[in-house]
Amino acid sequence: MTEDVIRRRALRIEQNPGIPLYVFALEAGEIDRVADVARISRDEAGKLFGYQRPEKKQHVKQILEYLDSEDVLFPNGLILALPTSVRFRGSRGPNSTDGLSTIGTLEIFLPESPSAPRPAFIVDGQQRSLALARTRRSKLPVMVAGFVAEDIEVQRDQFLRVNTVSPLPSNLVTELLPEVHTKLPTKLSAKKLPSVLVNALSQDADSPFKGLIKQASTTTDKRSIAVVKDNSLISAIEESLKPSGALFPYKNLSNGTVDTATIRSILITYWSAVRDTFPDAWGVSPTKSRLMHGVGIRSMGRLMDRVMDRVLAVTEPGSPEAYERAKAELSLIAPHCHWTKGRWPELNTPWDELQNTPRHISTLSNLLIRIYFQSRTSAS
């Protein structure tokens, strides 16, 4: 072995001719030299990078304690995304392959500088890899499965697929889904459209939610203004995409297409009207405003289906008239709302005791819808 290359006996698995797959072993101390963690983040322009969740320090500590104990058996392997620079040399002889796999030598080329980016990325086993990098058993052999793919979309796709037994944080999944363009499992596919829409609401300059949505890549420093959890908005949009929702007519079930642009316009129109109807309750911490809380987002999302059905019957989506009409409709419930102080007398509940539970969401949304229809009847 030379200083800048690691050579290991390996099996090349004959699975996908376009994406080479290898099974081999590395020493625990080599993991940190070969592979890096692609942390999820966004640049200043809002472009998404990486896909990995933050380190779980307690989990890493528990793995490390086991690795440093006696009689270690560590069959839990890692999955790496390898660079195209790796080289595989098949062994000679009639017994080098059985049709399923081929035995040979895999060469992984390392950067000359320790500070340079590592050649591979960890797709599964991040917490294990961190523990392996710190164990005193630096020579411990570790099982690795590596596929050659520098395309970040392929890496994200595999990352979502392999993390199904131990579920990923929902906000991490939903932020990654819009960046994956391969065929997804049915459950993940159903969440992709709401995730795309929430990403747009978080990033677009004309969105009332710009900068306000907490996502996996959101920084936790004191300057962050993110106050709305993305899963609350995603759930609200999912409900509105159902047959009884205001967004459902923009899904073409016959050919599977969706008028995403119009749906986005409807969401921006409605939530801009909500923002301007309740300016004192908008953009502040959920502890200071239940409108920004999950119970407020979900309940106002259900009211959207009633309000926007009426608005879109007489206006075009995204038009100034639609915004003015939505704001006029919301003015019917405004005097009855207690987002930041007081009590909801009909519920006999203080404003800050409403929680993001199915019971409270159902109770508050039913109240808002009832007030809306009663106010419309009185006004007509």
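Quantities reported herein were computed from a predicted structural model and do not represent experimental measurements. We number each residue from 1, following the sequence as shown.
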Can you label the angle between the Phe278 ring and the Trp339 ring as parallel, tilted or perpendicular, going by 30° and 60°?
perpendicular
Closest non-hydrogen atoms of Trp344 and His336, given as atom of the first, atom of the second and distance, are CZ3-O, 3.6 Å
To check you understand the geometry: which heavy-atom pair defines the closest contact between Pro286 and Val227, and what is its length?
CG-O, 3.4 Å
To the nearest 0.5 angstrom, please state how far the [atom1] atom of [X] sits from the [atom2] atom of [Y].
X      : Y      : atom1 : atom2 : result
Ser96  : Arg12  : OG    : CZ    : 9.0 Å
Ile103 : Asp98  : CD1   : CG    : 10.0 Å
Met304 : Ser299 : CE    : OG    : 13.0 Å
Ile263 : Phe248 : CD1   : CZ    : 10.5 Å
His360 : Thr349 : NE2   : OG1   : 6.0 Å
Arg306 : Ser365 : CZ    : OG    : 8.0 Å

Side-chain contact test, heavy atoms from C-beta onward, threshold under 4.5 Å: evaluate it for [X] versus [Y] and give yes or no.
X      : Y      : result
Asn356 : Ile297 : no
Arg302 : Ser362 : yes
Glu346 : Ile371 : yes
Phe373 : Ile369 : yes
Val142 : Glu30  : no

With clusters defined by side-chain heavy atoms of hydrophobic residues (ILVMFWY) lying less than 4.5 Å apart, directly or transitively, does [Y] cluster with [X]?
X      : Y      : value
Val72  : Leu64  : no
Ile19  : Val23  : yes
Leu73  : Leu67  : yes
Ile234 : Leu212 : yes
Tyr323 : Met308 : no

Cationic N near anionic O, under 4.0 Å, [X] to [Y]:
X      : Y      : answer
Glu353 : Arg343 : no
Arg134 : Asp32  : no
Lys341 : Asp280 : no
Glu239 : Arg298 : yes
Glu329 : Arg325 : yes

Does a donor on one side chain sit under 3.5 Å from an acceptor on the other, for Thr262 and Asp259?
yes
Side chains of Glu27 and Ser138: any donor to acceptor distance under 3.5 Å?
no
In this structure, are over 12 heavy atoms from other groups packed under 6.0 Å from Glu14 atom CD?
yes
Crowded around Lys288 NZ? As in, over 12 foreign heavy atoms under 6.0 Å?
no
Is a side-chain donor or acceptor of Arg137 paired with a backbone partner of Ser69 at a separation under 3.5 angstrom?
yes
The single option from Asp4, Val5, Val86 that satisfies side chain to side chain contact (heavy atoms under 4.5 Å, CB included) with Ile108 is Val86
Using the side chain to side chain contact (heavy atoms under 4.5 Å, CB included) rule, take Tyr270 and Leu303 through it: C-alpha gap first, then chi angles, then the decisive distance, then the call.
CA-CA 10 Å; Tyr270 174 74; Leu303 180 64; 3.9 Å; yes
